[in-house]
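Following: one structure in structure tokens, then a few remarks.
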2 protein chains.
Amino acid sequence: MGNDMVSKGRVTIREVAERAGVSTATASRALSGNHPVPPATRARVLRAARDLDYVANAHARALVGGGRKMAAVVVRQVTSPFYAQVAEGVEAEAADRGWLCVVGATGGDAQREMEFVQLMREEGARLVILVGGVVEDDAYRERVAHYAHALDSSGARLVLCGRPAPDPEIPALVVEFDNEAGARAITAHLLSAGHRRIVFLGGLPGNTALDARVAGYRAALAEHGLPPEAAHVVDCGLGRAAGHRAMTELLKSTREFTAVFAGDDMVAAGALRAIADTGLRVPGDISVVGYNDIPLAEDFNPPLTTVRTPAEELGRAAVRIALRDPEHAAGAHHLLGTHIVVRDSVGAPPPGRAL
Amino acid sequence: MGNDMVSKGRVTIREVAERAGVSTATASRALSGNHPVPPATRARVLRAARDLDYVANAHARALVGGGRKMAAVVVRQVTSPFYAQVAEGVEAEAADRGWLCVVGATGGDAQREMEFVQLMREEGARLVILVGGVVEDDAYRERVAHYAHALDSSGARLVLCGRPAPDPEIPALVVEFDNEAGARAITAHLLSAGHRRIVFLGGLPGNTALDARVAGYRAALAEHGLPPEAAHVVDCGLGRAAGHRAMTELLKSTREFTAVFAGDDMVAAGALRAIADTGLRVPGDISVVGYNDIPLAEDFNPPLTTVRTPAEELGRAAVRIALRDPEHAAGAHHLLGTHIVVRDSVGAPPPGRAL
DNA sequence: AAGGGAAGTTAAAACGTTTACACGACACGG
DNA sequence: CCGTGTCGTGTAAACGTTTTAACTTCCCTT
């Protein structure tokens, strides 16, 4: 056996066909399995391909095939534990079907988001998944409507994870957690522990995910017979730094409270640190709950009681739903359930401040 | 102005050319900027493209251009904070140059790693970055040698982040942190706090990154005049669960120690939890240090003293180095520096057990 | 024995770009 | 006025695959 490996340039299907003594058409069919080919011929072609270390050119394939199995997931940043889990779910579900998955990080910049979607159009992605809450203003609505129509006209699907569709008529589907139910449940948990003065830390008006959590929080309060004034929302937005800053501020204020409901676990992380910095104890002096149950939430100080949103499942669901029912998908709205996970950051309110 | 947008099928460059009254060659030149075109003509083409919402077909482009600007980063899992940061660095550096970045997760499975690299060959990736330590056995060496040659023959570069090249002659370059120096530094930190009985939790023989940390640990001990028997390495591997299990085990054993050096921050997280479970205090009873300084390390209980490995910078460096000096790159070995970040998980050894 | 398929195969035409080559126009120096 | 160079543009040939339509064989039915 001589030197079969061609060192210069890529091996093409033509060379494989030649070596197997068939035409490129037959070789293509044997390799792709798109059309039946007698076992003997097939074996010969496969053998030739192996000998030559043949690698199909995905571009040529996509060019003639008019598209390719590729999904794109767009997040603010991949280092956010929650987004990372969603991306992992998308990647896993895509990989299961032999699809390629590319991830784009926008850093929260609309400009980069647009560029990335444009790139995905050029690349022929058949599925783009935008994940993460966002404040819903006119610019947002216009942007997403543009994506939806542009992608739709190229035969691609758009799914919005945790962010709203600007209009039910738009060719996009949304998959998200039932934020209101989750927030209501964990607020009720705090209430049943005896807390009456609970502050919500991490509001971001216009962000539909956060607004829903706030709504759930208010609803739970109301259900418990508390007056609307019992609700106190600090609109500090998300992120560890924001939580730390806002909590520090809050502790310096005259506001009375015995528990804080953080908009997500990262805010809770910042809040916990701020509380520890002032020498107060959790849950002895203040109880804290978070949202999302990121993987390290049980390593916080103390382990965090929070609501578990199965992020990886969200990612998987997004691609599954988008690919399952192509026609009926557009405009559909899917809600995923959540549940509380109880750890050590909630206790009874301190006696002196029970109300 | 009528209905310019064609609803069926994608707009091709031919239609743009037609509308602008030029040939496809001129249109291509105007759009890609590969060849000078008089401003007037150029403007006309660009206008037509905008009107038609033309989107170039990346596949056709790559097919004739023989490749594309695409980098691939392969990690065990994207939800690991450290890997996520590396991936973010790669993504950022790639995006800065207008490259596309795709990430693959292997779950530690060699089979999936091979499939992914194969896929990247088909897709024409020009840069693939394998990140994360691995035990270096024959299968590994063979696998990586295969990747290196296969990619090299398609004109792509291979970079290994935190894993060894099987052979200096192989066409791959490695970029990693100086694990031995980092481990030596943090061990010295423990020693200067008074600890003499330090156990290393998270060894994984054959894993070069961990072996280097163990070597640094032993070196620091030796430099302090301690006998080789002072070193005690628990080979439990990495991950939060492994750390928790091994620490629990260790606490039940008769082994005397006052400090533990965890192989990475996730192991430390598990260890901290195990210690807390038995009612012991950190750093009062036991001091703990980690490795990597993941974003949430300061939210551990207590905030973790660890060595900071700028993971995002590792990712950026990988693509920068690979793209900078194409010829000289192969076989090169780059070491990135690290430094200690001191928090609250290290204290003096308890008096009764100072040695 | 003729006709009708089925099965296996192939030649050639797509897919949408880029680019090598050629061609004409035009300016300029001789 | 004629070469010579430059500039702008167009024609057509790539790039590597899949697929349509056609063409053989060969077997089976009648």
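Quick note on labels: first sequence line is chain A, next is B, and so on, each numbered from 1.
- Scanning all heavy atoms of the two residues, the minimum distance from A:Val135 to A:Tyr140 falls at O-CB, 3.8 Å.
- One atom, CZ of A:Arg121, and another, P of C:dT17, lie 13 Å apart when rounded to the nearest Å.
- A:Val22 comes within contact range of the sugar-phosphate backbone alone, with a heavy-atom separation under 4.0 Å but no base atom that close.
- A donor-acceptor pair under 3.5 Å links the side-chain atoms of A:His149 to the main chain of A:Ala145, judged by distance alone.
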Its contact letters, B for base, S for sugar-phosphate only and - for none at protein heavy atoms under 4.0 Å, make nucleotides 11-23 of chain D read B---BBBBBB---
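- For the residue pair B:Glu122/A:His59, the side-chain donor-acceptor check at 3.5 Å is not satisfied.
- Remark: the A:Glu113 side chain and the A:Tyr147 side chain contain an N/O donor-acceptor pair separated by less than 3.5 Å.
- The two residues B:Arg320 and B:Glu93 have their closest heavy-atom pair at NH1-OE1, 3.6 Å.
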